[in-house]
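Below, each value reflects all heavy atoms present in this structure, side chains not excepted, and no hydrogens, waters or symmetry copies. Note that ligands are numbered from 1 as they come in the structure, with each ligand's atoms numbered from 1 the same way.
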Amino acid sequence: MLMVLSGYSIMRLLKFSEMARIIARADIVMEIVEARNPLGLKSRVVESLARKYGRDYILVLNKCDLVPPAVCRDWIDYFRHEHKAIALCVSTVKRIGIVRLRKMFLEKQKEKEGILHVAVFGLPKVGKSSLINALKNKDSAPTSPYPGSSGYTKGITVYKILPGIYVIDTPGYIPFDVKGLEVAIRSQPVESIDNPVAVALDILKMIMRFNARAVEEAYNIDAKDPLDVLRLLALKRGWLYKKDKEPNIDEAARAIIRDYLNGKLKFYTLPPTVQGFNP
Ligand SMILES: Nc1nc2c(ncn2[C@@H]2O[C@H](COP(=O)(O)OP(=O)(O)OP(=O)(O)O)[C@@H](O)[C@H]2O)c(=O)[nH]1
Ligand SMILES: [Mg+2]
């Protein structure tokens with residue numbers, strides 16, 4: 001397990017060698033991304049390892065409740081030419097696509113005529129453990145809203161979801177071929193991000209380009225400039241630096257990062273094949 005050391009806490013991430021070992025022994029390999037930004041979260045690594053070992057590969061577009069159904073369908077169409085892709089929603093409030101997924105596992109088990117192992121991979125916080133809980137219909141795997149916060153997955157755990165069908169939960173993985181904002185906000189606890197203001201400004205720029213009203217809808221703040229948004233949010237919440245009583249934009253930046261992760265800030269991308277917003 002890879003340990004990311006920071007002033008705040010230690011976060012455990014899955015190592016490439018661990019992933020390769022699990023894939024070598026699995027029958028089905030699932031890579032989980034979020035439907036709101038699949039290309040920002042998808043790695044070629046999982047898919048190519050699955051191919052190398054001759055395993056079935058399924059791309060899961062999770063959190064489809066955060067995206068209009070038509071956009072989810074466009075993404076599925078986009079990926080379908082390359083490999084199997086399915087859309088899911090596995091939050092405790094709403095579940096979509098689980099019955100179909102269980103059916104796929106049962107068919108594969110029948111074909112194999114033996115015990116089936118399904119491995120689940122993805123960047124931190126895409127919903128790997130929540131997917132296992134939905135498959136089990138029971139909160140067995142610990143989950144949490146933010147990277148490194150209590151309940152995030154620290155070890156490799158095997159869960160029985162149906163007779164003879166086992167799913168392997170893994171800690172978040174940071175693939176070397178995935179870069180940018182999603183990695184910056186997922187590879188460490190929000191409290192440990194070195195320059196939260198720079199990260200939050202990038203998030204705001206991306207979100208405001210996509211939907212000019214996203215900030216107003218989330219916070220009832222009417223500002224066009226991302227730095228003004230941070231200042232106004234800090235003032236609204238009463239966050240001031242002790243030293244000079246100026247708005248604490250570091251605290252506001254961390255709130256923005258958390259609200260991007262938890263979906264309060266409404267945002268989604270479109271496939272490159274569809275006209276519209278692509279960051
Ligand atoms: N809106 C929405 N939220 C979801 C969905 N699936 C998971 N979540 C939320 O996303 C957050 C992360 O879920 P986890 O299951 O802990 O994610 P994980 O990939 O196991 O995270 P790590 O173990 O830290 O790598 C939690 O707050 C979940 O409630 C979904 O389909 N829709
Ligand atoms: Mg987990």
Quiz prompt | Salt-bridge present (K128, E31; N to O < 4.0 Å) | solution = no

Quiz item: Going by the atom numbers of ligand 1, which of them fall below 4.0 Å from some non-hydrogen atom of G172?
Solution: 25 (O)

Quiz prompt | Contact check, side chains of I86 and L101, non-hydrogen atoms, under 4.5 Å | solution = yes

Quiz item: With atoms numbered from 1 as shown, which atoms in ligand 1 lie under 4.0 angstrom from a non-hydrogen atom of N62?
Solution: 5 (C), 6 (N), 31 (O)

Quiz item: Do NZ/NE/NH1/NH2 and the carboxylate oxygens of E216 and R213 come within less than 4.0 Å?
Solution: yes

Quiz item: Which option, M11, K94, K63, owns the non-hydrogen atom nearest atom 9 (C) of ligand 1?
Solution: K63

Quiz item: So R44 and E82, salt bridge (charged side-chain N to carboxylate O under 4.0 Å, His left out) or not? Walk me through it.
Solution: CA-CA 12 Å; R44 285 269 161 203; E82 293 181 49; 3.2 Å; yes

Exercise. Just say parallel, tilted or perpendicular for the rings of Y78 and W75, cut-offs at 30° and 60°.
Key: perpendicular

Practice problem: Using a 4.5 Å cut-off on heavy atoms from C-beta on, say whether the side chain of I185 contacts that of I203. | Solution: yes

Quiz item: Who's closest to atom 11 (C) of ligand 1 heavy-atom-wise, of S144, P171, S130, C89?
Solution: S144

Practice problem: Before signing off on this row, confirm whether P124 and ligand 1 have an N or O atom pair separated by under 3.5 Å. | Solution: no

Exercise. Mind listing the protein N/O/S atoms less than 2.8 Å away from the Mg ion (ligand 2)? Waters don't count.
Key: S129 OG, T153 OG1

Self-check item: ligand 1-proximal atoms of D65, by part, heavy-atom distance under 4.0 Å
Solution: side chain

Quiz item: To the nearest 0.1 Å, how far is atom 17 (O) of ligand 1 from its closest protein heavy atom, and which atom is that?
Solution: G127 N, 3.1 Å

Quiz item: Is any side-chain heavy atom of T157 less than 4.5 Å from a side-chain heavy atom of I132?
Solution: no

Practice problem: Kindly indicate whether the side chain of Y260, heavy atoms from C-beta on, has any atom under 4.5 Å from the side chain of M206. | Solution: yes

Quiz item: Where the closest heavy atom to atom 27 (O) of ligand 1 is concerned, which of P142, P145, S91 has it?
Solution: P145

Quiz item: Which protein heavy atom lies closest to atom 31 (O) of ligand 1, and at what distance to 0.1 Å?
Solution: V90 N, 2.8 Å

Practice problem: Check ligand 1 against K128 and write out every atom of the ligand that is under 4.0 Å from a heavy-atom position of the residue. | Solution: 15 (O), 17 (O), 18 (P), 19 (O), 20 (O), 21 (O), 22 (P), 25 (O)

Quiz item: What about V126: any of its N or O atoms under 3.5 Å from an N or O on ligand 1?
Solution: yes

Quiz item: Identify the closest protein heavy atom to atom 22 (P) of ligand 1: which residue and atom is it, and at what distance?
Solution: K125 NZ, 3.3 Å

Quiz item: Does the separation of the ring centres of F267 and F210 fall below 6.0 angstrom?
Solution: yes

Practice problem: Please check if V126 and F176 belong to a single hydrophobic cluster, counting links between Ile, Leu, Val, Met, Phe, Trp and Tyr side chain heavy atoms closer than 4.5 Å. | Solution: yes

Quiz item: For Y219, which residues count as a side-chain hydrogen bond (donor to acceptor under 3.5 Å, both in side chains) partner, sequence neighbours excluded?
Solution: D259

Quiz item: Does any non-hydrogen side-chain atom of L49 lie less than 4.5 Å from one of M19?
Solution: yes

